[in-house]
Colleague: 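Pasting in a structure now, in structure tokens, and then I'll have a few things to ask.
Order of the sequence lines fixes the chain letters, A, B, ..., with proteins taken first and strands second; residue numbering starts at 1 for each chain. All figures in this text were calculated on a predicted structure; none of them were measured in a lab.
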Amino acid sequence: MGLLKLFWSLNWGARLGYVIVIFFAICALFAPWIAPYGQSQIVGDVWEPLFGEFVFGTDQIGRDMLSMLIYGARNMIGLALLTTGCAFGLGALLGFLAATMRGWVDQVLSRFVDMIISIPTLIFALIVLSATGTAIPWLITVIAITYAMPVFRIARAVAMDIEVMDYVEAARLRGEGLWWIMREEILPNAMTPLAAEFGLRFCFVFLLISGLSFLGLGLQPPLADWGAMVRGNADGIAWGYLHPLVPAACIALLTIGINLVVDTAVQKASGLRDDQ
Amino acid sequence: MLLKRLVLGILTLVAISLLITLGVEALSGDVCTAMMGQMASAAKVAACHSQLNLNLPMHERYLTWLWNFMQGDLGNALTNHRSIASLIGNRIGNTFFLAGLAALVAVPLALTLGVIAALYRNSFFDRAISIVTLSGISVPDFFIAYILMAIFAVWLGVLPAISNLDQSMDLWDRIYISALPVLTLTVAVSAHMMRMTRAAIVSLLASPYIEMAKLKGIRPSRIIIKHALPNALSPIIQVVMLNLAWLVVGVVIVEVVFVYPGLGALMIDAVFLRDMPVVQATAMVFASVYVILNLLADILSMLSNPRLRHRN
Amino acid sequence: MSQKLLEVSDLLIEADIDGVWKPIVNSLSMTLERGEIIGLIGESGAGKSTFGLTALGYTKPGCRIVSGSIKLDGVDLTQMKEPQLREIRGDRVTYVAQSAAASFNPAHTLFEQFAESAVQHGKMTMAEARERSVELFRQLELPDPELIGERYPHQVSGGQLQRAMTAMALGCDPDIIVFDEPTTALDVTTQIEVLGAIREAVKARNVAAIYITHDLAVVAQMADRIMVLRYGDLIEEGDARSMLTNPQHEYTRRLLNVRALRETRKGHDEDNVQLSIENITASYAGPKKNVLEDINVNIVKGKTVAVVGESGSGKSTLARVITGLLPPSHGKIIFNGTELNPALSMRSKKDLQSIQMIYQIADIAMNPRHKIKKIIGRPLQFYLGLTGKQKDERVLELLRLIEIPEEFAERYPGQLSGGEKQRICIARALAAEPELIICDEVTSALDQLVAKGILDLLLNLQKELGVSYLFITHDLATVKSIADEIVVMYQGKVVEQGSKVDILTPPHAPYTELLLSSVPEMDPDWLTNLVGKRKRGESPTSESITT
Amino acid sequence: MSDYDIKKLQKRVTNGGLDRREFIKAASAMGLAAVAPALYSQAAHATPKRGGTYRVGLGGANTGDKYDPADNGDTFMTNINQGAARNNLVEIGPSGEWMPELAESVEASPDAKTWVVKLRQGIEFHSGKTLDADDVIASIEHHRGEKSVSDAKSVAESMGKIRKDGKNTVIFELDGGNADFPYLLSDYHILIGSADKSGKVDWESADGTGAYVLKSFEPGVRAHLIRNPNYFKEGRGNFDEVKVTAINDAAARMNAMVTGQVDAIARCDLKTASMLEKKPGVSVLQTSGTKHYTYPMDMRQGPFDNKHVRMALKLGIDREAFVKTVLRGYGTVGNDHPIASSQNYHASELPQRQYDIEKAKWHLKQAGLSNLDIEIAASDAAFGGAVDATQLYAEQVRPAGINIKVNRVSADGYWNNVWMKVPWSASYWSGRPTADMMFTIGYKAGGNWTESHWNNPRFEQLLIQGRAELDEAKRSEIYVEMQTIVNQDGGSVIPCFANNVDAASDKLGRSAKLAGNRELDGGRSIERWWFT
């Protein structure tokens, strides 16, 4: 009841966002019960038409697109959450550290990040994943490291601004340690800008994974993955097969949903801090 | 200050070259096994090693490379023994041509859209453009490429599907043949720049000087363009530079899809082939672009800010 | 029937506060004659700015006019569309903002901004605007009136910016200028000069003005008529002189009494020195740019030392040196007989605990994401090792001590008023059970009545707990009410120091004299007299100090 | 309507899909009996014409590509080198038969141990130098010896002692008899370059005898060739200029073809080839060749050391569905041996293995297993769509109680680190022109590329016998038996033979029968085709 009331108090954009995110979350959580077929099961001919026997048709080897999308939601959202979480954890930690410690720590970390950023992402992923293999933990590690770099820069910039606030100085004067300052003073106040970034980065994970699948890296089959679904069917588009549009639309929809939700959350958070 | 940044930049380059060396060395196989593929045998690999001086320890090869590199000698590719300078020469030009063209279209477009969105913020137009750009951001670039190819090359037949740029072409032909990759890249980068432009402007709208301008009876469009935009330039420049860097460095997939002879595809090939000097040379180009653009962004930010431009 | 220039009647304005529309201006009315200056006075939240801005037909984002009318020469602004309003704004009605530094666009020169209104409204050509700017800059006594327009805002001092903004407001020969606290952000000595210049210019051009301020003494110098507002209601309205001499309302009387001098406390006890600053020299960037030079200050246990000075005097740097944030390049700090380590990171927990600090702006001195209970509880836990119930009870005890309701423990700083926030900061300092508290401009961001409350609280606490204060301030009123001893600083040096009585009784050092004379008094003729005195050389001016 | 249909029929004639009798029969059925023969010859007997710029889009290009044929392997370089700029001593004809190219004749001694190659006279290199025996010897020696890193090292080394007999004769003395020796000379590595005085060939000069002279070459991007006016073959090398563009992305190749940016492409994207067929002005060309996909198991280790397990896995693949889905019908089912139906000595009597889950279960039971969990490595480096294909296989075999976990591995380094290193993986063979070459390279015990690590004594014995046997009937018998052994006992699941599927503009003329040994008319469209 309370939740419902809260929901109706939101503006239409936020409501739409929540509907989208909850929809995909349900797909992700209950995939095996919702999906009509298995994610790797071959159910028909190649590229059966959309809205025929199979709602979204079949893919390039005859699997049910709808089922793959539903399982894909589970695989991708899970993976993206984990990866983005790690990226933000790492990036924010280092960013805060650089901003709080300043001096040579900041110099070393910043130069290191500059260095990693200036290596093309795909090449970096290619080199590391070729050496380690594409097991999911490695995939997560590589993407997390890649995305931790821009997060570092944002976190550092934000933390620099917070760090000059009197309450941080007050904590220093109290004799608080580094960890407290980072965790209790900087982190809660950096959440808003970081959250806004989280929304976008979350979706970039899909892109990077699909980019990796272009190079034959990426998620292991038979795990369905939206990026790979776009990739696998993409060549059909020039010939009037609209199949790749469906997973692409899913990625776009989720991106929009998550960003709408994040936007509201950010607005709310910044409203709370505002005095006037 | 600038000098310090420059020195740091050069140190970064050296560090990257070392990192790349270690990374590629850590990969299984080397240029010999990679070239021979299915056809490799121990004897042949050994022969190949001695031909290419791969028997030397890694640090020795690295230092030799570094020494030559510092003297401007990029060396020869291990695979086909062609001079790397000539191998990447045209491609650098092509890559910059593509990036430049895309930037020429994307930057004004993104800035204009960003300004308009900020001006009519929360209107239907703003929301629509926000959703369109979010979709643009979230669709993989190769897919944008295929869609544009389907529409403009296959269905409408007005633009070429592949962009096999040739040195003998004149400027107009080059632009025509690069149209689709430029469009693709424009879609890919505009969204980000446009959103950041809008955000940077909107974040300033609560400033006292914006309120002052309103109270001076200035038109909203003039307020945005004349009062907010100049002060939002610094973050916008940063984002533009980041995207420019991406246009040079991150377009491998677009190159492959449109058969555009750029540096990205060369680097991927070189990594696959473990052709270390080529990997190094391309990595150095990319890293320099990044370092230089960063430096440029800082200089421009400084110039855009009267506080830093006119120090008293 | 003669038409009033501006006639605001029964104006009701609401603001969106957390999604609920609440009235912030309650059916106020106001009339303004040509050439008349009306003063709007009140504390923050009184609705004075919101009300004053309606003369431009403008409401801040998140506010709306519900009912009432605003007639400018008989034309109702509430009925106008934006484009029509734009024609009026910046032309017939102009605005001078509180902080000129923030309200000038940093990206354009002063002249560009001066000319914008006039040229955009089609009133002048660029060349005409240039002539006009020189004329007005000269009238407002800006240095180098021909060239100052080519400067960017950051290249001009705060007082000059405020004058330039007044010149800009006068540019189109408006009917009305709205001054929104134009001198609040300035140092006292600068304030005088700006006030004088504004008054001259406005009077000379017979422009009507609405002057918004929280400072009764200031408004007394400027206004013909005064409206006292509180929580969106009109408290009292009347002629400036009669209001100062004969306030009708209790609230107005309290505003007037804020500046009453407190009793002088007796001289200090030399033997019981708690903190001794010896020969301190400090700088941020190398020995050539010393911010502090050879400072010596003693603080006696249980007493208050006030460090007075304007911005740039080095008084805040002194606090940073004492707390260890800025290790001095020379000299030492002795606390209870032992030398303190110059660097913060090397000091013991005990040392840190003994010296606490309260900041100027409570907003940024408290983590907005922590509840009050955590803010006060943390030093308890950190220094005293209190946890659980013990800690919670001590937090409540401290809240009672600073006269804040206990249920505030569960709130966030953002939900508190300015005065309440500053009290929480005091509680946080007290929680550490310190021996010395450094108060850095703790009242300067507060309304006068609230500030008075805070000072009272600090004094009571001192009596009860025997804690010493180092009071850093630019406000001589504060000094008068709280200090036992006064240190006057100017450009990094101590110009005069001694007991309060010694310092406040003539003869003064010239700088002290300047400071003291610059404090506005509740006398409508004070400014006129002072300007006269200064012109005659009977009272020091900023120029006479520097030379 | 009928006009369209007859055009389609003619197109099939031109592409080599219909012979005269079939065409006339089909055309008569449309009521065009009277004009049918004329229509046939219109389609079949187009004569080569000179001129034009041929633009061809090829995949398999790499920025590390070089002129040296020792390293050539993929479409792009072989089409340029073997197909345009240089020649072999021996060429493979449209039906897979060998015929002399630079050689005038190739003749064997009765034991097939000594082969005498006589060179055509008066052939000039692009540089003007005249071809002689020294060039041939230097070119072959390039691939041999300790320092050789050539992909054709083993082929070249099997050529025994080479010596010249006068300027125009080269004699090969093999260690053992080899009836298929001329095929070795047709290998795309064994191209003839011009030797300098020290007996070395400067491959990077690109100097060849071929129909075209390389004007410019950017590795991994493009090559530009112009006609060699002194070319020695009649009716070949018809285009004035040839522009070869590297298009590695299959979808991009297809789009380039559709939009007319190129006149022909090699290797259509099978997924969309059927759509391309419907496009007017474009023909999709199919030739059945020797290209096949394999799933080799390491027979040295369990569970693949068990014949029943191997049989269960062979029975668990639905070949028809595999061809339909993976090859989109552009291929034929395989029978677990590497000899294509178009090749000599194909064992046509050998029963085609069918998809049979019950039998697979039975074999699994015989192996003492009720179910089986195994892992297979796949990458699109093995063959295009290998990951999808392998997943399809995994789904097909699942009902038999066999769970195949498809491990997608990086394309990078696949052939070095995965293939033949893990117990089971996906693999690909372009095939060899003769049964002997195929068996020798892929199935001989202890061979470098014996991908299943197989060792069958009877097979080994037959291999030696067959090679030296000049009697066709006996030879056929031997090879059929070998195919049967591989089919029954071998370690590779061979589900299909993939056709070469290329596309070409209808403006291009080509002979009625296309060679199927490589893509695009045996990799020689540049040399053989013309604009009509």
Colleague: Under a 3.5 Å distance rule, please check whether Arg174(B) uses its side chain to pair with a backbone N or O of Leu165(B) as donor and acceptor.
Modeller: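 No.
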Colleague: Using modelled atom types only, decide if a donor and an acceptor are shared between the side chain of Ser505(D) and the backbone of Asp263(D) within a distance under 3.5 Å.
Modeller: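 Not at all, since once roles are kept as given, no pair shorter than 3.5 Å links the two residues.
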Colleague: Out of Lys66(D), Lys153(D), Met420(D), which one racks up the most heavy-atom pairs below 4.5 Å with chain B?
Modeller: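 Counting heavy-atom pairs under 4.5 Å, the top option is Lys66(D).
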Colleague: Rounded to the nearest 0.5 Å, what separates atom CG in Leu159(B) from atom CG in Leu180(B)?
Modeller: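 Leu159(B) CG to Leu180(B) CG: 4.5 Å, rounded to 0.5 Å.
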Colleague: Using non-hydrogen atoms and a 4.5 Å limit, figure out which bit of Glu146(D) sits close to chain B: side chain, backbone, both or neither.
Modeller: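 Just its backbone gets close to chain B.
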Colleague: Between Asp68(D) and chain B, which part of the residue has a heavy atom less than 4.5 Å away: side chain, backbone, both or neither?
Modeller: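 Neither part.
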Colleague: With a 4.5 angstrom heavy-atom cut-off, could you sort out which part of Asp275(B) is near chain D: side chain, backbone, both or neither?
Modeller: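 No part of Asp275(B) comes within 4.5 Å of chain D.
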Colleague: Treating Thr290(D) as the side-chain partner and Ser430(D) as the backbone partner, does any N or O pair qualify as donor plus acceptor under 3.5 Å?
Modeller: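 Yes, because the side chain of Thr290(D) sits within donor-acceptor range (under 3.5 Å) of the backbone of Ser430(D).
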Colleague: Under a 4.5 Å heavy-atom cut-off, does chain B meet the side chain of Ala246(D), its backbone, both or neither?
Modeller: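 Backbone only.
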Colleague: Top residue by heavy-atom pair count (under 4.5 Å) with chain B, among Thr245(D), Asn62(D), Val221(D)?
Modeller: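 Looking at each of Thr245(D), Asn62(D), Val221(D) in turn, Asn62(D) comes out on top.
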Colleague: To the nearest 0.5 Å, what is the distance between CE on Met284(B) and CZ on Phe69(B)?
Modeller: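 Reported value, rounded in 0.5 Å steps: 6.0 Å.
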Colleague: Who wins among Ala250(D), Ala256(D), Pro219(D) for the most heavy-atom pairs under 4.5 Å with chain B?
Modeller: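 The candidate making the most pairs under 4.5 Å is Pro219(D).
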Colleague: Count the heavy-atom pairs under 4.5 Å between each of Ile247(D), Thr63(D), Val258(D) and chain B, then report the option with the highest count.
Modeller: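 Option with the top pair count is Thr63(D).
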Colleague: If you count heavy-atom pairs under 4.5 Å between each of Val259(B), Ile162(B), Thr79(B) and chain D, which one has the most?
Modeller: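 Highest number of pairs under 4.5 Å: Ile162(B).
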Colleague: Quick check on Ile268(B) against chain D: is it the side chain, the backbone, both or neither that has a heavy atom closer than 4.5 Å?
Modeller: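 The answer is neither part of Ile268(B).
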Colleague: Under a 3.5 Å distance rule, please check whether Trp424(D) uses its side chain to pair with a backbone N or O of Tyr295(D) as donor and acceptor.
Modeller: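 Confirmed, Trp424(D) side chain pairs with Tyr295(D) backbone.
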Colleague: Between Arg82(B) (side chain only) and Gly64(D) (backbone N and O only), is there a donor and an acceptor less than 3.5 Å apart?
Modeller: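 Checked: no pair found.
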Colleague: Which region of Asn248(D), side chain (C-beta onward) or backbone (N, CA, C, O), has a non-hydrogen atom less than 4.5 Å from a non-hydrogen atom of chain B, or is it both or neither?
Modeller: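 For Asn248(D), neither part sits under 4.5 Å from chain B.
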Colleague: Taking NZ, NE, NH1 and NH2 as the nitrogens, is one of them in Arg61(B) or Glu25(B) under 4.0 Å from a carboxylate oxygen of the other?
Modeller: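 Yes, charged N to carboxylate O under 4.0 Å.
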Colleague: Using heavy-atom distances under 4.5 Å, tell me whether Asp166(B) contacts chain D through its side chain, its backbone, both, or neither.
Modeller: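 Both parts, heavy atoms under 4.5 Å.
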Colleague: Please round to the nearest 0.5 Å and tell me the distance separating atom CE of Met159(D) and atom CD1 of Ile140(D).
Modeller: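 Answer for the CE-CD1 pair, Met159(D) versus Ile140(D), is 5.0 Å.
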Colleague: Whether Lys44(B) and Asp151(D) form a salt bridge (side-chain N of Lys/Arg under 4.0 Å from carboxylate O of Asp/Glu) is what I want to check.
Modeller: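 Counted as a salt bridge, because a side-chain N and a carboxylate O are separated by less than 4.0 Å.
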Colleague: So what's closer than 4.5 Å to chain D heavy atoms on Ala77(B): side chain, backbone, both or neither?
Modeller: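 For Ala77(B), there is no contact with chain D at all, as no heavy atom is under 4.5 Å.
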Colleague: Could you tell me which of Ala153(B), Pro160(B), Cys48(B), Gly157(B) has the largest number of non-hydrogen atom pairs under 4.5 Å with chain D?
Modeller: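 Option with the top pair count is Pro160(B).
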Colleague: Check step by step if side chain to side chain donor-acceptor pair (under 3.5 Å) holds for Ser452(D) and Tyr443(D).
Modeller: CA-CA 8 Å; Ser452(D) 60; Tyr443(D) 295 83; over 6 Å; no
Colleague: Where on Ser154(D) is there a heavy atom nearer than 4.5 Å to chain B: the side chain, the backbone, both, or neither?
Modeller: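 It is neither, since no heavy atom gets under 4.5 Å.
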Colleague: Under a 4.5 Å heavy-atom cut-off, does chain D meet the side chain of Leu273(B), its backbone, both or neither?
Modeller: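 For Leu273(B), the side chain is the part near chain D, not the backbone.
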Colleague: Is it the backbone or the side chain of Tyr67(D) that comes under 4.5 Å from a heavy atom of chain B, or both, or neither?
Modeller: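 When you check distances to chain B, only side chain atoms of Tyr67(D) fall under 4.5 Å.
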